[in-house]
Amino acid sequence: ITLGAPRPYRRDALSKALAVVGDGGLLYGSDWSSPESVEAFRSHLNIDRNLLSGEIGLGGESISRIMHDNFDAFCRG
């Protein structure tokens with residue numbers, strides 16, 4: 001998951017990705033290269049967390065998988 005999908009399409013894009021690969025197949029990451037502050041990135045991160053939990057309805061374990069557990073497992077091989 002990256003910040004690329006515009007907000008009006010983000011829920012639909014994430015919902016479709018989850019339907020295809022599930023929470024075990026998504027990694028949260030970013031190609032963030034904006035000169036904006038770290039606070040701007042944190043704001044986007046919070047928007048995505050709220051989207052996943054509120055609008056899409058994922059639980060904490062699924063969000064943890066997407067946000068960091070899947071990446072950790074990938075790095076461990």
Side-chain angles (χ1 to χ4, degrees):
I1 298 174
T2 184
L3 302 176
R7 179 71 177 134
Y9 307 107
R10 195 145 181 84
R11 179 179 190 258
D12 184 54
L14 290 173
S15 295
K16 287 177 179 174
L18 284 162
V20 173
V21 300
D23 63 6
L26 294 177
L27 301 173
Y28 191 86
S30 178
D31 56 359
W32 185 267
S33 59
S34 172
E36 295 181 53
S37 71
V38 172
E39 289 304 315
F41 176 76
R42 286 187 183 135
S43 174
H44 287 285
L45 178 63
N46 288 331
I47 288 169
D48 285 339
R49 284 181 192 267
N50 291 333
L51 179 68
L52 290 169
S53 66
E55 294 184 40
I56 295 176
L58 291 182
E61 288 183 16
S62 290
I63 293 171
S64 289
R65 281 187 203 99
I66 293 167
M67 293 297 181
H68 49 78
D69 294 347
N70 293 339
F71 178 74
D72 291 344
F74 174 79
C75 289
R76 284 192 303 268

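Scope of the values below: all heavy atoms of this structure, side chains included, with no hydrogens, waters or symmetry mates. Quick caveat, the model's predicted, so the values are computed rather than measured.
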Set of salt bridge (Lys or Arg N to Asp or Glu O under 4.0 Å) partners for Arg42, sequence neighbours left out:
Glu39

Taking side-chain hydrogen bond (donor to acceptor under 3.5 Å, both in side chains) as the test, write out the residues that go with Asn46, two or more places apart.
none

Indicate, with yes or no, if Ile63 and Phe74 share a hydrophobic cluster defined by side-chain heavy-atom contacts under 4.5 Å among Ile, Leu, Val, Met, Phe, Trp and Tyr.
no

Applying side-chain contact (heavy atoms from CB on, under 4.5 Å), name anything that partners Pro8, two or more places apart in sequence or on another chain.
Pro6

Listed once per pair and sorted, the salt bridge (Lys or Arg N to Asp or Glu O under 4.0 Å) pairs that draw on residues 56-74, sequence neighbours left out:
Asp23-Arg65, Glu61-Arg65

Could you work out, with side-chain hydrogen bond (donor to acceptor under 3.5 Å, both in side chains) as the rule, every residue matching Asp48, not counting sequence neighbours?
Arg10, Tyr28

Going by side-chain heavy atoms closer than 4.5 Å, which hydrophobic residues are tied to Tyr9, directly or by a chain of links?
none

Taking every heavy atom of Gly25 against every heavy atom of Asn70, the minimum-distance pair comes out as N-ND2, 4.2 Å

Each residue besides Ile47 in its hydrophobic cluster should be listed here, by chain and number; the cluster joins Ile, Leu, Val, Met, Phe, Trp and Tyr at side-chain heavy-atom distances under 4.5 Å.
none

By side-chain contact (heavy atoms from CB on, under 4.5 Å), Ile56 pairs with (sequence neighbours left out) Arg11, Leu14, Ser15, Leu18, Leu51, Leu52, Leu58

Taken in chain and number order and not counting sequence neighbours, the residues that satisfy side-chain hydrogen bond (donor to acceptor under 3.5 Å, both in side chains) with Arg76 are none

